[in-house]
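If you're wondering where the values come from, they're calculated on a predicted model, not measured in any experiment. To find a chain, count down the sequence lines: A is the first, B the second, and so on, and within it residues start at 1.
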Number of protein chains: 2
Amino acid sequence: MNIIIKMAKLNLQKIFTDFTAKKGLKHSDIRLKILDVLNEGQKHLSASELFAKVRERYPTVGQATVYRTLKLLCECDICRELRTEDGLARYEVAMGHEHHDHIVCLGCGRFEEAVDEKIEKLQIQLAKSKGYSLKRHKLMLYGLCPKCK
Amino acid sequence: MNIIIKMAKLNLQKIFTDFTAKKGLKHSDIRLKILDVLNEGQKHLSASELFAKVRERYPTVGQATVYRTLKLLCECDICRELRTEDGLARYEVAMGHEHHDHIVCLGCGRFEEAVDEKIEKLQIQLAKSKGYSLKRHKLMLYGLCPKCK
DNA sequence: TTACCTGCAAAGAATTTGCAGGGCC
DNA sequence: GGCCCTGCAAATTCTTTGCAGGTAA
């Protein structure tokens with residue numbers, strides 16, 4: 001394993017462990033395993049997809065544990081939840097990655113990341129003009145990709 | 001009823017009727033009633049909230065019909081579906097209203113509309129830079145409102 | 001020992017589907 | 001008359017909860 005990935009992984013594990021400890025929870029290997037699988041796998045996994053991947057490697061893990069762990073991971077901002085149009089909650093590791101938004105092809109369902117600094121800044125101003133202090137945002141762009149146009 | 005609202009209502013009804021006719025569906029008063037209730041009520045109703053409102057006025061309507069009608073209304077772009085963080089699908093009449101995005105207070109849950117022309121334009125460019133032609137987008141801003149700051 | 005952790009199964013919640021009677025064209 | 005429409009209830013799907021045995025501290 002690439003040394004940088006390994007360090008990132010250890011780092012996330014430490015952040016997670018510290019978070020659960022501070023919350024008064026006990027140490028759990030299974031939670032860390034679930035974090036690993038989420039971190040190594042493809043992005044935008046739904047809970048049940050993640051559950052399937054976890055089961056491949058750790059066949060005894062129950063799906064309630066996966067749901068409970070995802071909740072904790074979101075609570076400490078290691079991971080974030082996307083609500084897609086299919087109504088499923090999807091998850092991605094957010095910490096240690098640059099912030100990004102998403103662009104989805106309406107033709108083939110292809111899903112990629114996108115970000116524009118100017119838009120980010122304007123969002124802060126827009127919130128401010130309404131009297132809000134912006135904490136975060138979600139932007140989804142829907143269109144047709146080069147192949148589907 | 002204000003004459004302008006009345007005309008807008010008739011207009012939406014006509015668009016909807018034309019759409020269902022073109023789709024080979026038959027005329028249905030109930031669908032139009034559901035559209036009216038959605039159009040007159042407060043924004044961002046969930047399917048079950050809409051169902052409750054419809055039932056107040058038309059006690060025999062089944063909730064399956066409300067769900068089916070919402071699907072149709074979204075298909076023809078009269079209404080749009082918002083996926084909020086609570087996992088519920090919420091609906092608002094989009095046609096005949098200016099496009100807008102939403103800003104949500106993380107403190108009290110307050111929900112208002114927001115829009116910025118520059119952001120809109122930059123989104124189109126951002127999509128273009130990825131090779132996509134933008135059809136639509138969803139932007140949600142999360143922050144603290146003046147009262148909750 | 002006290003609480004948390006976990007898998008399992010059951011419960012819940014939101015939404016969809018099947019069906020049978022009724023209505024539009 | 002044929003096909004769509006509708007309410008009802010059952011089925012599905014995703015997610016949460018309760019429980020009983022196990023485990024960290």
If you check every side-chain atom of B:Lys26, which of C:dA3, D:dC3, D:dG18 has the closest atom? D:dC3
Candidates D:dA24, D:dT6, D:dC4 - which lies nearest the side chain of B:Ser28: D:dT6
Figure out the [atom1]/[atom2] separation between [X] and [N], and round it to whole Å.
X       : N      : atom1 : atom2 : value
A:Arg90 : D:dC14 : CZ    : P     : 10 Å
A:Lys23 : C:dC5  : NZ    : P     : 10 Å
A:Glu75 : D:dT16 : CD    : P     : 12 Å
A:Arg83 : D:dT15 : CZ    : P     : 6 Å
A:Gln63 : D:dT16 : CD    : P     : 10 Å
A:Asp29 : C:dC5  : CG    : P     : 13 Å
B:Leu45 : C:dA14 : CG    : C1'   : 16 Å
A:Tyr67 : C:dA13 : OH    : P     : 16 Å

Verify the cluster assignment for A:Ile78 and B:Tyr142: are they in a single hydrophobic cluster under the rule of side-chain heavy atoms below 4.5 Å apart? no
Could you tell me if the side chain of B:Leu72 sits less than 4.5 Å from the side chain of B:Lys23, heavy atoms only? yes
For A:Phe19 and A:Phe16, take the angle between the two ring planes, folded into 0 to 90°, and tell me which bin it lands in: parallel under 30, tilted 30 to 60, perpendicular over 60. parallel
So what does A:Gly87 touch, heavy atoms closer than 4.0 Å: a base, only the sugar-phosphate, or nothing? nothing
Pick the closest DNA chain C nucleotide for B:Ala64 and for B:Leu88 by heavy atoms, then say which residue is nearer the 5' end. B:Leu88
Using heavy atoms to find the nearest nucleotide of DNA chain D for B:Leu25 and B:Arg55 separately, return the residue whose nucleotide is more 5′. B:Leu25
Among side-chain atoms of B:Gln13 and B:Asp36, is any donor-acceptor pair under 3.5 angstrom? yes
